[in-house]
Amino acid sequence: MLESYLTLKREFEIVAMGSDDCVAVSILHGERFPRPWGDGEFHSLLSQDTVFGFVARQTNAILKKPLAGFVLAREAAGEGEILTIAVQPKLARSGLGWRLMQAAMREVRNRGGESMFLEVDGANVPAIGLYRKLGFEKVGERRAYYVDESGAKSTALVMKRVLR
């Protein structure tokens, strides 16, 4: 019995992001990005009618677990855009990023969106792989767009997926 508890597969729920999630979201964003957004920025974005987000939390945990992941997106004039997405490092390749992206794409479709865009660091091979599996294709580049902690610059890939 104890062995089955210790090897319990994590289960997650994906729910709409609310203003009460902004602090936890900004903390995770700070762990995953060199130029993190503060909770005020997330709150300001969420207060816009065109912006929405989803958070992922583990549902079968005994103790309250930190935020597992989130996605923030917007839809306007028939196009969606992923503003930012992050998953806890220990949950990489767990399928959680896939589920968050699916939730955002579904919401854009529900709002009448016909396509979805995102920008990703050209050096972020795992993320690019995820986006390609989700049907995104490269449609452009922004050279020297991202700057890491050391000051090195990298290219942003602009990717698009048709939703309809």
Side-chain angles (χ1 to χ4, degrees), residues 10-60 65-89 91-122 124-142 145-146 154-164:
R10 293 182 178 125
E11 295 175 8
F12 299 93
E13 67 176 350
I14 306 236
V15 298
M17 183 187 298
S19 59
D20 55 329
D21 294 310
C22 290
V23 171
V25 165
S26 69
I27 290 169
L28 178 54
H29 196 267
E31 293 171 0
R32 302 298 287 161
F33 294 95
R35 294 181 183 236
W37 300 352
D39 59 309
E41 291 168 284
F42 282 102
H43 192 272
S44 177
L45 284 165
L46 273 179
S47 69
Q48 299 173 27
D49 290 340
T50 59
V51 177
F52 61 91
F54 294 96
V55 294
R57 292 192 185 92
Q58 187 172 349
T59 58
N60 62 339
K65 297 288 184 179
L67 185 70
F70 71 89
V71 61
L72 189 70
R74 80 170 120 222
E75 188 281 327
E79 294 182 344
E81 178 187 12
I82 298 295
L83 300 174
T84 188
I85 181 171
V87 172
Q88 289 284 350
L91 298 172
R93 298 186 177 263
S94 69
L96 199 50
W98 176 279
R99 291 180 59 199
L100 287 162
M101 288 291 295
Q102 290 286 346
M105 290 187 297
R106 231 180 349 265
E107 181 64 19
V108 166
R109 272 192 306 270
N110 290 342
R111 292 176 178 223
E114 297 181 6
S115 59
M116 189 82 152
F117 289 87
L118 60 83
E119 292 174 352
V120 60
D121 189 327
N124 191 342
V125 175
I128 293 168
L130 169 64
Y131 302 144
R132 285 190 175 138
K133 286 179 185 174
L134 285 163
F136 284 83
E137 296 178 356
K138 179 183 159 191
V139 294
E141 291 185 355
R142 294 180 187 206
Y145 185 77
Y146 291 109
S154 59
T155 298
L157 304 181
V158 179
M159 301 183 82
K160 175 184 178 181
R161 177 183 165 174
V162 174
L163 299 175
R164 301 213 178 250

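We count residues from 1, following the sequence as given.
For the side-chain contact (heavy atoms from CB on, under 4.5 Å) test with L72, the passing option among I82, V55, I85, L46 is L46; the others fail.
Partners of Q88 under the side chain to side chain donor-acceptor pair (under 3.5 Å) rule, at least two apart in sequence or in another chain, do not exist in this structure. Applying the side chain to side chain donor-acceptor pair (under 3.5 Å) test to E141 and every residue at least two apart in sequence or in another chain returns K138, R143. In this structure, T50 has no side chain to side chain donor-acceptor pair (under 3.5 Å) partners at least two apart in sequence or on a different chain. Every residue two or more places apart in sequence or in another chain that forms a side chain to side chain contact (heavy atoms under 4.5 Å, CB included) with S19 is listed here: H43. D39 meets the salt bridge (Lys or Arg N to Asp or Glu O under 4.0 Å) test with no other residue; sequence neighbours excluded.
Shortest non-hydrogen contact noted between A127 and V120 is CB-CG2, 3.9 Å. Taking all atoms of both residues into account, the shortest heavy-atom contact from V15 to R57 is CG2-NH1, 3.7 Å.
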For residues 22-32, which side-chain N or O atoms pair as donor and acceptor with protein atoms under 3.5 Å away, sequence neighbours left out?
from	atom 1	to	atom 2	distance (Å)
S26	OG	C22	O	3.3
S26	OG	V23	O	2.8
H29	ND1	W37	N	3.1
H29	NE2	T84	OG1	3.1
R32	NE	V87	O	3.2

Just distance, no hydrogens or angles: give the donor-acceptor pairs under 3.5 Å from side chains in residues 157-164, sequence neighbours left out.
from	atom 1	to	atom 2	distance (Å)
R161	NH1	L134	O	2.8
R164	NE	G113	O	3.2
R164	NH2	R109	O	2.7

Taking distance alone, no hydrogens or angles, what donor-acceptor pairs closer than 3.5 Å link side-chain atoms of residues 99-108 to residues at least two apart or in another chain?
from	atom 1	to	atom 2	distance (Å)
R99	NH2	F12	O	3.2
E107	OE2	R111	NE	2.8

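When side chains are defined from C-beta on, Y131 counts as touching L118, because their heavy atoms get closer than 4.5 Å.
Within the structure, no pair that satisfies the salt bridge (Lys or Arg N to Asp or Glu O under 4.0 Å) test touches residues 40-52, not counting sequence neighbours.
The CG atom of L83 sits 10.0 Å away from the CD atom of E119 when rounded to the nearest 0.5 Å. Note that CE of M116 and CD of E75 are 9.5 Å apart. Values are rounded to the nearest 0.5 Å. Atoms CZ and CG, on F136 and L130 in that order, are 8.5 Å from each other to the nearest 0.5 Å.
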